[in-house]
Amino acid sequence: MDKRYLFTPGPTPVPPQVLAAMGEPVVHHRSPDFRPIYERCLARLREVCRTESDVLLFTASGTGAFESAVVNLVSPGEPHLVVSAGSFGERWIAMTSAYGADVDELRYAWGETPDPEDVRARLAAREAKAVWIVQSETSTGVVADVQAIAAVANEAGALVVVDAVSSLGAVPCETDAWGLDVVVSGSQKALMTPPGLGLAAVSDAAVAATGSTPRFYFDWQRTRDAQRKLDAPFTPPVSLVTALDVALGMLLDEGLEAVFERHVRLGRAARAGAKAMGLELFSPDEDRSAVVTAVLSPDAAELISGVRNRFGITLAGGQGDLKGKIFRIGHIGWFDVFDITTALAAIEIVLAELDADIERGVAVTAALDAYEHSSVA
Ligand code: PLP
């Protein structure tokens, strides 16, 4: 059997109708075959980002879309505040520094949740052109309170740039209502599409604040002007845009609130199952942690190769210092509770074979109960 199961927090499983769209004949991007798809996809992106601003599409991974924010907003020597509580926060400190920003690094231990009051104190001590924050720190499972942090940043007159790569379409991200100037994401997570498209929702204030760093492909103004005429500045990956359009249609048909609720319940199911086995959670045991569940295990490395070799299941390991100490179950995008129970059942079998001290036969029931019998406020 070569059946594969993907439980990583990106890339994520792609629904068959989205895959089918990838297989349609390639059309020309400046022809009437593509324009209506492009227009609809861009409109749906605005709906999913909950913004009236333009959502700019780039043929890039999430990191590329994030680099668009850095090259447009950072000029050498400018003060910026970057919040880091994990692998991706560290990446944005490195990237903003690489472009010459004078970075105030607000650093937390991996697994901690950023505190808006710390952001307030930093901004009171030193102003910043922008506050850079990760919404869902995929390396730890922590989902930050972006709304509260943005409120503090807005009060201080700073722009707000959010890495929503693993959170957009899984947990609420109210771009306009929360005063977020830039929201960056990628196609391969909750948006249920293969990797390859990066996106950035960009407010007028952000475009007006662009700086002196040289740029071309990632220049926001160029892409925004072109997109407004439905005339992409460079050849877009038409098959990916067509697929993303289908995936966004699925999300909007389900209804974003229902999608968010499903993710809360998936998170509850994963945590309940892990705890029932007697495992200790690394990610917070809270509803906001609805993207990825991180679990402590001294057997993490053997577990990950065990479920892979025995069952064709791909789990994620830990990053950085967490390598070998945790495993992560991603549950963003095209997931239902039976995906969670599949992962838990396999984890249980392999951990038992590794002689781990776990309770057998309880995880699946606990997960199903947590999913079915919980109402989401
Ligand atoms: N930010 C977060 C929170 C992520 O989870 C990821 C990918 O896992 C990235 C950024 C980087 O995205 P990409 O791998 O698409 O460049």
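Note that ligands are numbered from 1 as they come in the structure, with each ligand's atoms numbered from 1 the same way. Residue numbers start at 1 and run along the sequence shown.
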Partner set under ring pair (Phe, Tyr, Trp, His ring centres under 6.0 Å) for Y217, not counting sequence neighbours: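 Per chain and number, Y217 pairs via ring pair (Phe, Tyr, Trp, His ring centres under 6.0 Å) with F234.
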My understanding is that only residues two or more places apart in sequence, or in another chain, count here; which of them pass ring pair (Phe, Tyr, Trp, His ring centres under 6.0 Å) with H80? W132
Answer yes or no: does an N/O atom from [X] fall short of 3.5 Å to an N/O atom of ligand 1?
X: T63; result: yes
X: W92; result: no
X: V165; result: no

Which heavy atom of the protein is the closest neighbour of [atom], given with residue, atom name and distance?
atom: atom 9 (C) of ligand 1; result: F88 CE2, 3.3 Å
atom: atom 1 (N) of ligand 1; result: D163 OD2, 2.6 Å
atom: atom 14 (O) of ligand 1; result: Q188 NE2, 4.0 Å
atom: atom 7 (C) of ligand 1; result: K189 NZ, 2.8 Å

Tell me the contacting part of E137 for ligand 1: side chain, backbone, both, or neither, using a 4.0 Å heavy-atom threshold, strictly below. neither
Part of Q135 with heavy atoms under 4.0 Å of ligand 1, whether side chain, backbone, both or neither: neither
Applying the side-chain contact (heavy atoms from CB on, under 4.5 Å) test to L42, which of D245, L199, L57 qualifies?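 It is L57; the other options fail the test.
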Does NZ or CZ of R222 lie under 6.0 Å from the centre of the six-membered ring of F216, at an angle within 45° of the ring axis?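 Cation-pi check for R222 and F216: passes.
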Any sub-3.5 Å donor-acceptor pair from R30's side-chain atoms to L230's backbone N or O? no
Is S136 close enough to touch ligand 1? Criterion: a residue heavy atom under 4.0 Å from a ligand atom.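 Per 4.0 Å heavy-atom rule, S136 contacts ligand 1.
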Per-atom contacts, ligand 1 versus [X] - under 4.0 Å to a heavy atom:
X: R91; value: 11 (C)
X: T138; value: 2 (C), 3 (C), 4 (C), 5 (O)
X: S61; value: 13 (P), 15 (O), 16 (O)

Could you check whether any side-chain heavy atom of L123 comes within less than 4.5 Å of a side-chain heavy atom of L81, counting everything from C-beta outward?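 Yes, close enough: below the 4.5 Å cut-off.
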Hey, what's the ring geometry for F34 with Y38, parallel, tilted or perpendicular (30° and 60° as the breaks)?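 Because their plane-to-plane angle is under 30°, the rings of F34 and Y38 count as parallel.
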How about CG on D357, more than 12 heavy atoms from neighbouring residues, nucleotides or ligands closer than 6.0 Å, or not?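 Not buried by this count: 12 neighbours or fewer within 6.0 Å.
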How close do Q135 and A164 get, heavy atom to heavy atom, and via which atoms? OE1-CB, 3.9 Å
